[in-house]
Amino acid sequence: MNRYNFKLIEEKWQSFWKKNKTFSTRVDKNKKKFYCLEMFPYPSGKIHMGHVRNYTIGDVLSRYKIQKGFNVLHPMGWDSFGMPAENAAKLNNLDPKIWTEDNISIMKSQLEKLGLSIDWDREISTCSPAYYKHQQKFFLDLYDKGLVYRKENYVNWDPIDKTVLANEQVINGKGWRSGAPVERKKLNQWFFNINKFADDLLNDLKDLEKWPAKVKTMQRNWIGKSFGCELDFEIKGNPKVTKIKCFTTRPDTLFGMSFLALSIDHPVAEFYKDDKDFDLFKKNCSKTGTTEESIAQAEKLGFKTNLTAINPLDKSKEVPVYFANFVLMDYGFGAVFGCPAHDQRDLDFALKYNLKINTVVRPIDEDTNFKVDKIAYTGPGVIFNSKFLDELKVPEESILSTIQILEKKKIGKKKINFRLKDWGVSRQRYWGCPIPMAYDNNNEIKKVPIEQLPIKLPENINLNVNGNPLDHQEDWKKIIIDGQECNLETDTLDTFVDSSWYFLRFCSPKNESEGFNIDDVNYWMPVDQYIGGVEHAILHLLYSRFFTKALAYQNKKFPVSEPFYGLFTQGMVCHETYKFENEWLNPNDVISENGKDFYLKTNSKKKVVVGPSESMSKSKKNTIDPEIMIKNFGADSVRFFILSDSPPEKDVQWSDQGMLASFKFTQKFWSLNVELKEKLKKITKEKFPQNKIDDDMSTFTNQIIKKITFNLENFHYNVLIANFHEIYNFLNKIKNSEILNTENFKENYIKILIVMNPVLPHLISECLADLNIKDTSFWPEIDEKYLEEKSVNIVIQINGKKRDLINCDKDISEDELFKKINKNTDLKKYFINKKIIKKIYVKNKIINLILK
RNA sequence: GCCCUCGUGGUGAAAUUGGUAGACACAAAGGACUUAAAAUCCUUGCCGCUUGCGGAGUGCCAGUUCGAGUCUGGCCGAGGGCACCA
């Protein structure tokens, strides 16, 4: 039998697509566009199974849309700035650029072997000056619009490496490389004013109908809009401090106030900087744990000041002012009033420092004796013990009414606060996009003029220095602006900036004068389907949404407000983990006969500990190399397997048996095709009269096309694979019947091959070429006539239980069906001594008889 | 602590709107073909009574309905997100 030589055939089609530029796209206003984008990879070295899954999902969709007649944009590029390159370069004493470019060429060839329908003419790389030149222009554009500013902010500072660490590089309060305790240090940093768009970013979520609800919820929580008011407290005890401003969502509990708490970073702390006790207190605060969880559960700590605050609604009441470890400086005003009865944190604090607990809200079914002691009451009810606020309903009346009273008295005003923080984009790193800013002799900020862009990174420099390598580049730092000598900014941009507009660049990847051409963007944007991991649910997706809005801000020609119309988040690829004597082992190094017990490959008597299946990662060594799989089984089989076992939005288990089964499928489908092809050669031109089996073929074909279309449209790719098995099983069953001699069979067979093409493009292209079909870019129409079934199986239920299945003509009447039931001998026993009291008949589906 | 999602055979999973639960596959067992093996094909969800048939059955408990994997309420379990956000 003719064995399927995947290597030969896959290479043949890949070079055919490359030579013919099959997937090159151009703006064509006569065609409907479809922009399919997968999150572009970081060029870390080699592709992993996660990439294979991500890009296979996108490729199936792209090919399907091409066949449906869309003008499809399906580009690929490289998110090529970032720390791994810098770290690898330091370690091996080479240039990050070379390391990155080598990786890109390896990964590109790997992706090409997967047979992806990518327009490689649009390939971009964020580390190339041709790309980041435009990013620098956008930075200046945003600066001109007032969306970029510079301010002092705390950073995680590693005192040994003398460098700033990202939050995720701080492990248990220590630097991930040096192990030194991380310090908080104030640095001048560049910020994007993302808060300016907080409301838009929140409100526009409701238009993103094709986004997973989960991602939208996560973004909503992250933005964290809350409604309340700001109010001023008069302060006694220090003539220099007369007022402290607080934000609250519960002004209605003001009569329950028993203290005022400030963040240790609050400006008032200035007056205590020489106080040794306060210093000790600050140190205690920073000591209480480092993980976020332990911070949240940490004991409440306070430092009592000599200040008192006056309750603005009852000036006869004075309360103590504390510094407290649970008050955050970067939310609200870094100061809160404490109402222990109706806030658990305040209650914990009050119990520790023996402060009053004034209950001012009672549940509706409690009387005025209601009193809070150990658990704060935060539910609905009515206000009491609050003079003129008494009897207001909580929360629907009380909050707004109180705000109105405060506004009238000019003590406070309505205020909306966001949890979202402005985006700090400064990184004290070499391998990133230089910020096009400079400082003159007076340290005044100077923009680098557009004509002087790009500011290119210096090459071949020494990276093994303390701090930011760019700081040491004295020659590079010097720049003349307007005839004045200035020093360049040495911070580079967060790499999330690079990925915040790459989808726009793909529309005009070669344009030298602009980041993108407005006509191109108007045609291609928004991305119709964006596909990637859920780990980017917040940062990357929120930043991209912000950046798009920021570019559109004050720019009437740029009408895009949301970059991604549809979003799909795929699950991870998992594999069991193996350990021997506390060392992780790669699946290649273990062996098993029954799939349960595993042994060392080098010593089959040493048993290996099998751990739970987890996301593939280098650190746990539970990875499967896609390149080896493609080499052993072919790209089509790998594509087929990666889609087969689980719905794409869920995690999938890698399974060697599954991979093998997919390989067998492509092999046996090919063999079947060879058999069928021989028979199809014998077809005479004239059409045979339609017979029963001929009709079966038409019915099957149209039904399966309908299912496949539905499953493609809805990302039910695992069910799609099941449909492929159904196709094989059906064709294999009828392959020896006489219908193979009909033209009708051939027409249907071609339709079936065509709808399998998006998943198995090499195999199917070859099968179709054998039948002289060269152009695969069409999608068969469904002939509804074959979907109408002439007979149906009707379920017979008695008292709600299925008792039989009766085959009837379609649209049989209830009376006729009932006659059939009466004739049925199997059902007779159920009717003995029983009366039918009710019949429910759902046409062509089911009849339920209620007997008594 | 708050928010979200999900619980279906030995396993991964199907089941557009409430209407045949377990499609399709993996594994295991049995069988066919074969001198034998490989490959291929067929049968098997569970519990009863040796065919056939009956019973229970989609995490647990209730409810709505002629009818619930699907809808409602409560509970249990798993996973994810946020985490002192005033």
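Note that the coordinates shown come from a computational prediction; the quantities given were computed from them, not determined experimentally. Hydrogens, waters and symmetry mates play no part in the numbers below; they use all other heavy atoms, side chains included. Within every chain, numbering begins at 1; the chains are lettered A, B, ... in the order of the sequence lines, protein sequences first and strands thereafter.
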State whether the distance check finds a donor on one side and an acceptor on the other, under 3.5 Å, for side chain A:Lys839 versus base B:C66. no
Show me the dot-bracket string of RNA chain B, counting Watson-Crick or G-U pairs under 3.5 Å, with | for pairs to another strand and [ ] for crossing ones. (((((((..(((......[....))).(((((.......))))).((((..))))...(((((..]....))))))))))))....
Can you tell me, in whole Å, how much space there is between the P of B:A13 and that of B:G52? 33 Å
A:Ser646 side chain near B:A13 phosphate (N/O to OP1/OP2, under 4.0 Å): yes
Spacing of the P atoms in B:A86 and B:C76 (rounded, Å): 28 Å
Of B:G81, B:A86, B:A13, the nucleotide closest to the side chain of A:Met218 is B:G81
In whole Å, what separates the C1' atom of B:U65 from that of B:C82? 40 Å
If you look at every strand shown and take non-hydrogen atoms under 4.0 Å, does A:Gln797 touch a base, only sugar-phosphate, or nothing? base
Rounding to the closest angstrom, what is the interatomic distance between B:C24 and B:G73 at atom C1'? 36 Å
With a 4.0 Å cut-off on heavy atoms, is A:Lys664 in touch with a base, just the backbone sugar-phosphate, or nothing at all? sugar-phosphate
Distance test, side-chain N/O of A:Arg220 to OP1/OP2 of B:G81, below 4.0 Å: no
I'd like to know whether A:Phe641 forms a ring-ring contact (aromatic ring centres under 6.0 Å, His included) with A:Trp654, so could you lay out the CA-CA distance, the side-chain angles of the two residues, the decisive distance to 0.1 Å, and finally the verdict. CA-CA 9 Å; A:Phe641 170 68; A:Trp654 181 268; 4.8 Å; yes
For the side chain of A:Lys802, counting heavy atoms from C-beta on, which of B:C84, B:A21, B:G19 is nearest? B:A21
Rounded interatomic separation in angstrom, taking CD1 from A:Ile727 and P from B:A25: 12 Å
Please determine, for the side chain of A:Lys845, which listed nucleotide (B:C66, B:U20, B:U17) has the closest atom? B:U17
Side-chain contact check for A:Ala661: nearest option of B:A83, B:C26, B:U20 is B:C26
So, does A:Lys801 get its side chain near the phosphate of B:A56, meaning an N or O under 4.0 Å from OP1 or OP2? yes
Quick check on B:G67: is either OP1 or OP2 less than 4.0 Å from any side-chain nitrogen or oxygen of A:Asn799? no
Which heavy atom of A:Val215 sits nearest a heavy atom of A:Ala537, and at what distance? CG1-O, 3.7 Å
If you compare every side-chain N and O of A:Tyr717 against the phosphate oxygens of B:C24 (OP1, OP2), does one of them come in below 4.0 Å? no
Would a line drawn from the ring center of A:Phe323 to the ring center of A:Phe281 be shorter than 6.0 Å? no
Below 4.0 Å: OP1/OP2 of B:A25 and any side-chain N or O of A:Asn729: yes
Ignoring hydrogens and angles, state whether a donor on the side chain of A:Tyr728 or A:Glu726 is under 3.5 Å from an acceptor on the partner side chain. no
B:G55 phosphate, OP1 or OP2, under 4.0 Å from A:Arg803 side-chain N/O: yes
A:Tyr830 near the nucleic acid: base, sugar-phosphate alone, or nothing, with a heavy-atom cut-off under 4.0 Å? sugar-phosphate
Work out how far the P atom of B:A21 is from that of B:U58, and round it to whole angstrom. 12 Å
Taking B:C66, B:A86, B:C3 as options, the one with an atom nearest any side-chain atom of A:Thr217 is B:C3
For B:A86, does either OP1 or OP2 sit under 4.0 Å from a side-chain N or O belonging to A:Ser226? yes
Residue mapping more 5' on RNA chain B - nearest nucleotide basis, A:Ala722 or A:Lys668: A:Ala722
Is the backbone N or O of A:Ala341 less than 3.5 Å from a side-chain atom of A:Thr359, with the two atoms forming a donor-acceptor pair by type? no
Between B:A15 and B:G54, how far apart are the two P atoms, rounded to whole Å? 30 Å
Return no unless some side-chain N or O of A:Lys214 is found under 4.0 Å from OP1 or OP2 of B:G80. no
